[in-house]
Amino acid sequence: MKHLFRVLATLTGLVFLLLLAGCNGGGGEKTATPTVATTSATVTATVPTISATVPVRPTAIAARGVRIVVNSTADTNARDDTVTLREAIMLATGEMAAADLESSEADNVKGEPGPESADTISFDAAAFPPDAPATIALTATLPVLIIGGDAVVGAKAGVIVDGGQLGFACFRIDSDGNAIKGIQIQNCHTGIVLEAAARNNMIGGSAEGERNVISDNDAVGIRVDGSTNVIQGNYIGTDASGTMSRPNAMEGIWIAPGAQENLVGGSNPGEGNVISGNSLFGVSISGMGAKGNLVKGNYIGVDASGRVALKDRYGVVLDSGAQNNIIGGSAPGEANVISGNQSGGVLIRGPGTKDNRIIGNFIGTDSSGSESLGSGSGIWLLEGAQGNIIGGTGEGEGNVIANSGIHGILIEGAETTGNTIRGNSIYSNGRGSIVSRADNIGLAPPVIAAANPVQGTACANCIVDIYSDSGAEGKVYEGSTEAGADGRFTFDKSPSGPYVTATATDANGSTSTFSSPFSVPTG
């Protein structure tokens, strides 16, 4: 019920954008980088600093001493000839002893399972053929992984865990260093819950056979209450091919209040998740204490090819006090593709939602950065979100924000201030590139008076970013300069044109809309 109230509250106030969304056309390693010039800014604005610690990859799955083989699709705990998944987890956690098994069951156990060992639960390919996955129909949630260091691994088998829409979470983890890999998880209330005490767990992986497919669940694919966990290589909201939608009814991934320093995706091949086709949000980071989380290298709103839209309602949502989270990154492979989503790419909302950073992503394009996939609005900031950073002037920090059916970036609400927008490639957006509705301190854009060199006036002592575009937006970031105490500025580099535009950023980190375009002389 609490989750339902949260969703209803989130949807309240979004009606305007949802209505307009009908107007728009619509993991893995990325194949291009944003088309932003690499000219370094000679000055920088005073903006919030943020950090996110990348979790250490769990090591408990190495050198495991015990192997338990599941060879039955039943969901029972009975002394018979087979071992079920429920029995295997009970053995791993110590709820049941190996001595309690019949001899035919004990043949499926190597070593001494229990709290003192790191146990690997695998699946017999004869009972779970890789090319014809077999279903374990659960009657209740599986035993909680409460000891740590255990793994459920479906690699080299075909395993479907089905919750039967009976209203429970299928897998729950409340300890350190566990792993769930290579399983299809469906028809649960939530597919996997990482409880508050869950640390350094691995969900999925980059190697062949480690991907989980977490779809068709009644609420959330993966809920994260714990910290320093890693979610990589999964398909969340799609079928096993990554090309068709099988929506989770709410979020693909919900990083809940208090969850810190979790990693979703990665920069190496195979580490990115496909988080697409979900009915509500792809990734939601929500609530006080949800901070330091890192989301990079994922496909959010597109299929596994990175070229075809497979929409969530919103791609990424930061709200209700989420702070110091990073979406994307400046290094190769760290860009998320956040495109094709119904209502918007990134939504940042609410008082206390601050100091988050959106950098280096493709928002509204395919994975190549060139083809249009669009979304409602690229990025929407509202309801008092403050001090967030979109882009940057360092190499690779600028986002591509293009092809939105509504706005490239929309800022609204009197308290939505101090948000910094610099160094991005913003173009081909239906209703404006940066639209500010009397907010971000209502900072006036620069006025350009000449284009070679670029000269004009802006707010006193503000940073002025210069762009080239074919119209009134800013496709190519050219560099930056600083206005004097009298507001006058000069930028000596010759812009590529055919038009030049500019934004201003003040000492509080607030960035203006684009200036009116000024034609660059030819010849």
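Computed over heavy atoms, backbone and side chain alike; hydrogens, waters and symmetry mates excluded. In what follows, residues are counted from 1 in the order of the sequence shown.
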Who pairs with [X] by side-chain hydrogen bond (donor to acceptor under 3.5 Å, both in side chains), at least two apart in sequence or on another chain?
{"X": "Asp100", "value": "none"}
{"X": "Ser103", "value": "none"}
{"X": "Thr73", "value": "none"}
{"X": "Ser279", "value": "none"}

Review item, side-chain donor-acceptor pairs of residues 87-95, under 3.5 Å, at least two apart:
| residue | atom | partner | partner atom | Å |
| --- | --- | --- | --- | --- |
| Glu87 | OE1 | Thr84 | N | 2.9 |
| Glu87 | OE1 | Thr84 | OG1 | 3.4 |
| Glu87 | OE2 | Ala78 | N | 2.8 |
| Glu87 | OE2 | Arg79 | NH2 | 3.2 |
| Thr93 | OG1 | Ile89 | O | 3.0 |
| Thr93 | OG1 | Met90 | O | 3.4 |
| Thr93 | OG1 | Glu95 | OE2 | 3.2 |

What I'd like to find out is whether the side chain of [X] reaches to under 4.5 Å of the side chain of [Y], using heavy atoms alone.
{"X": "Lys156", "Y": "Pro130", "value": "no"}
{"X": "Leu318", "Y": "Ile358", "value": "yes"}
{"X": "Phe362", "Y": "Leu373", "value": "no"}
{"X": "Val70", "Y": "Ile121", "value": "yes"}
{"X": "Asn403", "Y": "Glu371", "value": "no"}
{"X": "Ile390", "Y": "Asn419", "value": "no"}
{"X": "Arg86", "Y": "Leu142", "value": "yes"}
{"X": "Ser117", "Y": "Glu112", "value": "no"}

Going by side chain to side chain contact (heavy atoms under 4.5 Å, CB included), name the residues that satisfy it together with [X], two or more places apart in sequence or in a different chain.
{"X": "Pro133", "value": "Ile160, Gln184"}
{"X": "Asp162", "value": "Thr135, Gln186, Asn187"}
{"X": "Asn429", "value": "Ser404, Ile426, Glu473"}
{"X": "Ala155", "value": "Val153"}

[atom1]-[atom2] distance between [X] and [Y], expressed to the nearest 0.5 angstrom:
{"X": "Glu251", "Y": "Thr190", "atom1": "CD", "atom2": "OG1", "answer": "9.0 Å"}
{"X": "Thr238", "Y": "Ile214", "atom1": "OG1", "atom2": "CD1", "answer": "10.5 Å"}
{"X": "Ile401", "Y": "Ile409", "atom1": "CD1", "atom2": "CD1", "answer": "4.0 Å"}
{"X": "Leu310", "Y": "Thr243", "atom1": "CG", "atom2": "OG1", "answer": "8.0 Å"}
{"X": "Ile173", "Y": "Ile147", "atom1": "CD1", "atom2": "CD1", "answer": "13.5 Å"}
{"X": "Asn108", "Y": "Lys110", "atom1": "CG", "atom2": "NZ", "answer": "13.5 Å"}

Side-chain donor-acceptor pair present, Asn278, Asp312, cut-off under 3.5 Å: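 Short answer, yes.
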
Residue pairs, two or more places apart or on separate chains, that pass salt bridge (charged side-chain N to carboxylate O under 4.0 Å, His left out) and touch residues 190-204: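 Residue pairs passing salt bridge (charged side-chain N to carboxylate O under 4.0 Å, His left out), neighbours aside: Arg172-Glu195.
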
Where [X] and [Y] come nearest, the two heavy atoms and their spacing:
{"X": "Ile285", "Y": "Ala322", "answer": "O-CB, 3.5 Å"}
{"X": "Val69", "Y": "Phe123", "answer": "CG1-C, 4.3 Å"}
{"X": "Met202", "Y": "Lys181", "answer": "CG-NZ, 3.6 Å"}
{"X": "Ala304", "Y": "Ser241", "answer": "CB-O, 4.1 Å"}

side-chain hydrogen bond (donor to acceptor under 3.5 Å, both in side chains) evaluation trace for Ser370 with Ser368: CA-CA 5 Å; Ser370 59; Ser368 73; 2.6 Å; yes

Reference residue Asn212; test side chain to side chain contact (heavy atoms under 4.5 Å, CB included); the match among Asn273, Ile180, Val161: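 For Asn212, the side chain to side chain contact (heavy atoms under 4.5 Å, CB included) check succeeds only for Ile180.
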
Asn201, Ile146, Asp119 screened by side chain to side chain contact (heavy atoms under 4.5 Å, CB included) with Asn178, the one that passes: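 Of Asn201, Ile146, Asp119, side chain to side chain contact (heavy atoms under 4.5 Å, CB included) with Asn178 is met by Asn201 alone.
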
Any donor-acceptor pair under 3.5 Å linking the side chain of [X] with the backbone of [Y]?
{"X": "Asn234", "Y": "Gln232", "result": "yes"}
{"X": "Thr353", "Y": "Ser320", "result": "yes"}
{"X": "Asn325", "Y": "Asn356", "result": "no"}
{"X": "Asn361", "Y": "Val337", "result": "no"}
{"X": "Ser175", "Y": "Leu145", "result": "yes"}
{"X": "Ser339", "Y": "Thr365", "result": "yes"}

Side chain to side chain contact (heavy atoms under 4.5 Å, CB included) between Ile203 and Leu194, worked out: CA-CA 10 Å; Ile203 307 301; Leu194 293 161; 4.2 Å; yes

Pairs meeting criterion disulfide bond (SG atoms under 2.5 Å apart) with involvement of residues 165-216, two or more places apart: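 Only Cys170-Cys188 qualify under disulfide bond (SG atoms under 2.5 Å apart).
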
Full working for side chain to side chain contact (heavy atoms under 4.5 Å, CB included) between Ser215 and Tyr235: CA-CA 8 Å; Ser215 303; Tyr235 288 175; 5.7 Å; no

Listed partners of Phe171 passing ring-ring contact (aromatic ring centres under 6.0 Å, His included), at least two apart: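 If we apply the ring-ring contact (aromatic ring centres under 6.0 Å, His included) test to Phe171, skipping adjacent residues, there are no hits.
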
Neighbour count >12 (heavy atoms, 6.0 Å) for atom CD, Glu102: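 More than 12 heavy atoms, drawn from other residues, nucleotides or ligands, come within 6.0 Å of this atom.
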
Pair Val264-Asn298, side chain to side chain contact (heavy atoms under 4.5 Å, CB included): steps then yes or no: CA-CA 8 Å; Val264 177; Asn298 304 285; 4.0 Å; yes

Check against side chain to side chain contact (heavy atoms under 4.5 Å, CB included), Trp380 and Leu347: CA-CA 5 Å; Trp380 188 17; Leu347 176 68; 3.5 Å; yes

Pairing of Arg307 and Asp366 as salt bridge, 4.0 angstrom limit: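 A salt bridge links Arg307 with Asp366.
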
NZ/NE/NH1/NH2 to OD/OE distance under 4.0 Å, Asp216 and Arg246: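 So Asp216 pairs with Arg246 through a salt bridge.
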
